[in-house]
Amino acid sequence: QELGGWSRIASSVDIIPACLQLHIICGICQSPASPLPKALLPTSLRRSKSAAMENLIQAFRRKGIKAVVFDFDCTITLKHSGGRVHNDKVESFLEKNISPCFKELLPLLLANSFVVGVATFSDDFKVPSTYLAGEHLVRRHFEHFFGKRFTEEIPIVAAFPDVYQTESNYRAIGLDRPMPHNKEHHLGLLCSRWNLRPQEVVLIDDDYSNVDAAIRHGYNAIFVRERTGLRAADILESELGRS
């Protein structure tokens with residue numbers, strides 16, 4: 001009686017295909033109007049969500065994907081950092097600022113032996129010490145939501161291409177030409193680190209120019225359409241999600 005419509009969802013969810021279950025369930029969990037915390041979801045609903053996530057893992061495997069690279073702002077997070085956050089505002093920036101879909105997906109990917117990385121334009125180049133930016137900002141976010149258990153497992157490439165257009169700056173980080181205005185540099189570094197080919201990697205990003213460039217260079221890619229964090233719909237509506 002207390003759960004109202006939730007009991008009807010829980011009783012009917014098992015007849016819905018797994019891919020649609022993921023869409024519906026993640027949508028419910030992510031909705032600001034949701035009356036129940038995720039931990040209080042009915043047991044059958046949580047089981048169905050787990051099964052749907054497992055189906056997604058299998059879809060990645062069928063495509064030969066071994067690594068998943070996430071953008072940070074508006075993919076992992078729900079709101080944008082602007083590239084840096086003042087030290088006094090870090091805690092308010094972090095508060096509830098994570099995609100529920102990402103929060104569920106990351107531990108599952110790692111548990112299933114996928115490698116995971118982050119490619120972000122947030123950069124701490126010449127950022128004052130009163131701000132948190134670049135890799136330090138991403139690490140702080142991960143520690144806030146996951147503790148330190150993933151710190152060593154997830155490499156982060158944090159570089160803003162605009163900074164590395166002058167010869168002195170791009171040569172300072174080992175480049176022989178200006179950095180492309182997309183994630184080509186970031187993905188290349190991660191592929192080299194993991195000894196993987198582009199077709200074995202998927203980029204998940206809310207900037208379509210990064211997605212388009214990744215595909216043109218042979219990577220898989222998933223576009224985060226709403227720019228308010230990764231949603232199940234972004235995965236399900238992608239070519240990978242439909243495979």
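Numbers here simply count residues along the sequence, with the first being 1. Hydrogens, waters and symmetry mates play no part in the numbers below; they use all other heavy atoms, side chains included. All of these numbers come straight from a predicted model, not from anything done at the bench.
Of the inter-residue distances, the one linking Leu132 atom CG with Leu94 atom CG reads 8.5 Å to the nearest 0.5 angstrom. To the nearest 0.5 Å, atom NZ of residue Lys63 and atom CD of residue Gln58 are 15.0 Å apart. One finds the CD1 atom of Ile222 at 5.5 Å from the CD1 atom of Ile235 (value rounded to the nearest 0.5 Å).
Every residue two or more places apart in sequence or in another chain that forms a ring pair (Phe, Tyr, Trp, His ring centres under 6.0 Å) with His141 is listed here: Phe72, Phe145. Residues meeting the side chain to side chain donor-acceptor pair (under 3.5 Å) test with Arg227, sequence neighbours left out: Asp206. Checked against side-chain contact (heavy atoms from CB on, under 4.5 Å), Arg225 has the following partners two or more places apart in sequence or in another chain: Phe223, Arg231, Asp234, Glu237. Applying the salt bridge (charged side-chain N to carboxylate O under 4.0 Å, His left out) rule to Glu167 yields the partners Arg171; only residues at least two apart in sequence or on another chain are considered. Residues forming a side-chain contact (heavy atoms from CB on, under 4.5 Å) with Ala119 (at least two apart in sequence, or on another chain): Val69, Lys183, His186. Applying the side-chain contact (heavy atoms from CB on, under 4.5 Å) test to Asn182 and every residue at least two apart in sequence or in another chain returns Pro180, Glu184, Asn210, Ala213. Legend: residues meeting side-chain contact (heavy atoms from CB on, under 4.5 Å) with Ser168, ordered by chain and number and at least two apart, are Thr166. Residues satisfying the side chain to side chain donor-acceptor pair (under 3.5 Å) criterion with Glu200, sequence neighbours excluded, are Lys66, Arg197.
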**OP:** Check the pair Leu190 / Val201 against side chain to side chain contact (heavy atoms under 4.5 Å, CB included), numbers first and verdict last.
**Re:** CA-CA 9 Å; Leu190 291 170; Val201 177; over 6 Å; no

**OP:** Check the pair Val116, Phe150 against side chain to side chain contact (heavy atoms under 4.5 Å, CB included), reporting the backbone distance first and the verdict last.
**Re:** CA-CA 10 Å; Val116 174; Phe150 299 143; over 6 Å; no

Original post:
Can you list the steps and then say if Val85 with Phe93 is a side chain to side chain contact (heavy atoms under 4.5 Å, CB included)?
Top reply: CA-CA 8 Å; Val85 179; Phe93 170 74; 3.9 Å; yes

Subject >> Stepwise side chain to side chain contact (heavy atoms under 4.5 Å, CB included) check, Leu175 with His185 >> reply: CA-CA 9 Å; Leu175 298 180; His185 167 75; 3.6 Å; yes

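By the 4.5 Å heavy-atom criterion applied to side chains, Leu109 and Ile57 are counted as neighbours. Side chains of Leu106 and Phe142 form a contact here, defined as non-hydrogen atoms less than 4.5 Å apart.
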Distance-only donor-acceptor hits, side chain of residues 154-163, under 3.5 Å, sequence neighbours excluded:
residue, atom, partner, partner atom, Å
Asp162, OD1, His181, NE2, 3.0

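Closest of all the heavy-atom pairs between Phe102 and Pro107 is O-CD, 4.5 Å. Heavy-atom minimum distance, Cys191 versus Tyr219: SG-CE2, 3.6 Å. Looking at every heavy atom in both residues, Leu230 comes nearest to Phe70 through CD2-CE2, 4.0 Å. Minimum heavy-atom separation, Gly83 to Ala133: O-CB, 3.4 Å.
Judged by distance alone, with hydrogens and angles left aside, the side-chain atoms of Asn112 form a donor-acceptor pair with the main-chain N or O of Leu108 at under 3.5 Å. Judged purely by atom type and a 3.5 angstrom limit, Asp207 uses its side chain to pair as donor or acceptor with the backbone of Ser209. Checked by atom type and distance alone, the side chain of Ser99 never pairs as donor or acceptor with a backbone atom of Gly229 at under 3.5 Å. Remark: the backbone N or O of Val224 is not paired with any side-chain donor or acceptor of Asp205 at under 3.5 angstrom.
A single hydrophobic cluster is not seen to contain both Leu187 and Val118; linkage of ILVMFWY side chains at heavy-atom distances under 4.5 Å, directly or through other members, places them apart. Both Phe125 and Tyr170 belong to a single network of hydrophobic side chains, linked directly or stepwise wherever heavy atoms of I, L, V, M, F, W or Y lie under 4.5 Å apart. When the side chains of ILVMFWY residues are joined at heavy-atom separations under 4.5 Å, either directly or via intervening members, Leu203 and Tyr208 end up in two distinct hydrophobic clusters. Val68 and Leu110 end up in the same hydrophobic cluster when Ile, Leu, Val, Met, Phe, Trp and Tyr side chains are linked at under 4.5 Å. In the hydrophobic clustering of this structure, Phe114 groups with Ile76; members are Ile, Leu, Val, Met, Phe, Trp, Tyr whose side-chain heavy atoms approach within less than 4.5 Å, directly or through other members.
Within the structure, every pair that satisfies the side chain to side chain donor-acceptor pair (under 3.5 Å) test and touches residues 113-133, not counting sequence neighbours, is listed here: Asp123-Tyr164. Among residue pairs with one or both ends in residues 74-84, those qualifying as side chain to side chain donor-acceptor pair (under 3.5 Å) are Asp71-Thr75, Asp73-Ser81; sequence neighbours excluded. The side chain to side chain donor-acceptor pair (under 3.5 Å) analysis of residues 86-98, with sequence neighbours excluded, yields the pairs Glu91-Arg140.
Enclosure of atom NE2 in His144 by more than 12 non-hydrogen atoms of other residues, nucleotides or ligands within 6.0 angstrom is indicated.
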